[in-house]
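Note that the structure is predicted; figures quoted are calculated from it, not measured.
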Amino acid sequence: QVQLVESGGGLVQAGRSLRLSCAASGSIFSINAMNWYRQAPGKQRELVASATTGGRINYADSVKGRFTISRDDAKNTGYLQMSSLKPEDTAVYYCNIVVRLTSASKVLNSYWGQGTQVTVSS
């Protein structure tokens, strides 16, 4: 069973930085995509950043130029470097990976982390 463990959240002042990590354990053949979502109180979960195996990286407009997504597939770990944080970045951040479990897998599986709280004070 694949499990994701997130870390790196916390309370920071506006303008500071945080780096979130997402470590996947379990048997994975390949990671097709690694995504970071966030959900603020009273709001829907939104996609913040995504990185696909083909090298395509996308960011929500609200974080472009401030957040950087990266992956270390050898470690099955992903990162979200968040800089110039704003109070509106306050949310629970979730890691999501889409993987192929074996070389023979014909379907992709999706897994979610437990979420990590990021709070940005003004």
Side-chain angles (χ1 to χ4, degrees):
Q1 180 72 3
V2 175
Q3 291 186 323
L4 302 182
V5 176
E6 301 174 25
S7 60
L11 171 64
V12 294
Q13 289 185 324
R16 303 298 293 269
S17 299
L18 278 176
R19 189 177 82 154
L20 305 182
S21 298
C22 173
S25 62
S27 181
I28 297 173
F29 176 71
S30 63
I31 298 177
N32 281 49
M34 176 164 285
N35 308 303
W36 287 93
Y37 288 78
R38 68 185 180 187
Q39 187 166 20
K43 294 188 177 181
Q44 289 188 330
R45 190 173 297 189
E46 63 171 345
L47 179 63
V48 175
S50 64
T52 67
T53 299
R56 184 179 304 171
I57 293 179
N58 290 295
Y59 297 98
D61 288 343
S62 59
V63 307
K64 281 181 181 177
R66 300 188 299 120
F67 289 14
T68 302
I69 188 173
S70 61
R71 301 168 37 168
D72 184 343
D73 287 1
K75 297 181 180 179
N76 284 345
T77 300
Y79 306 95
L80 185 68
Q81 177 68 46
M82 306 184 294
S83 303
S84 301
L85 283 162
K86 304 176 181 179
E88 50 264 43
D89 295 320
T90 296
V92 178
Y93 284 70
Y94 297 91
C95 172
N96 164 253
I97 61 171
V98 180
V99 305
R100 196 176 300 277
L101 294 178
T102 72
S103 59
S105 297
K106 292 181 172 56
V107 298
L108 300 176
N109 293 75
S110 177
Y111 298 92
W112 290 85
Q114 81 283 1
T116 185
Q117 177 71 46
V118 172
T119 303
V120 184
S121 63
S122 58

Going through the checks in order, is the side-chain contact (heavy atoms from CB on, under 4.5 Å) test met by Leu47 and Tyr37?
CA-CA 4 Å; Leu47 179 63; Tyr37 288 78; 3.6 Å; yes
Any donor-acceptor pair under 3.5 Å linking the side chain of Thr77 with the backbone of Ala23?
no
Give me the atom names and distance for the closest heavy-atom approach of Ala14 to Pro87.
CB-CD, 4.1 Å
Using the rule given for side-chain contact (heavy atoms from CB on, under 4.5 Å), can you reason through Met82 versus Arg66, listing the C-alpha separation, both sets of side-chain angles and the distance that settles it, and then say yes or no?
CA-CA 6 Å; Met82 306 184 294; Arg66 300 188 299 120; over 6 Å; no
Intermediate values then yes/no, side-chain contact (heavy atoms from CB on, under 4.5 Å), Lys75 and Ser21:
CA-CA 11 Å; Lys75 297 181 180 179; Ser21 298; over 6 Å; no
CD (Gln117) and CD (Gln39) are apart, to the nearest 0.5 Å, by 11.0 Å
Classify the ring geometry between Tyr93 and Phe67 as parallel (under 30°), tilted (30 to 60°) or perpendicular (over 60°).
tilted
Within a reach of under 6.0 Å around CZ of Arg45, are more than 12 heavy atoms found that belong to other residues, nucleotides or ligands?
yes
Return yes if some donor-acceptor pair links the side-chain N/O of Tyr79 with the main-chain N/O of Thr68 below 3.5 Å, else return no.
no
Does Asp89 pair with Lys86 as a salt bridge, N-O distance under 4.0 Å?
no
Determine, stepwise, if the pair Ile97 / Ile28 fulfils side-chain contact (heavy atoms from CB on, under 4.5 Å).
CA-CA 11 Å; Ile97 61 171; Ile28 297 173; 4.1 Å; yes
A quick test of your reading: do over 12 heavy atoms of other residues, nucleotides or ligands sit less than 6.0 Å from CD of Gln3?
no
Got a donor-acceptor contact below 3.5 angstrom from the Asn96 side chain to the Tyr111 backbone?
yes
Side chain Glu6, main chain Leu20, donor-acceptor under 3.5 Å:
no
Quick one: does any side-chain atom of Arg71 pair with a main-chain N or O of Ile31 as donor and acceptor, under 3.5 Å?
yes
Run through Thr90, Val63, Thr119, Val12 and flag the one making a side-chain contact (heavy atoms from CB on, under 4.5 Å) with Leu85.
Val12
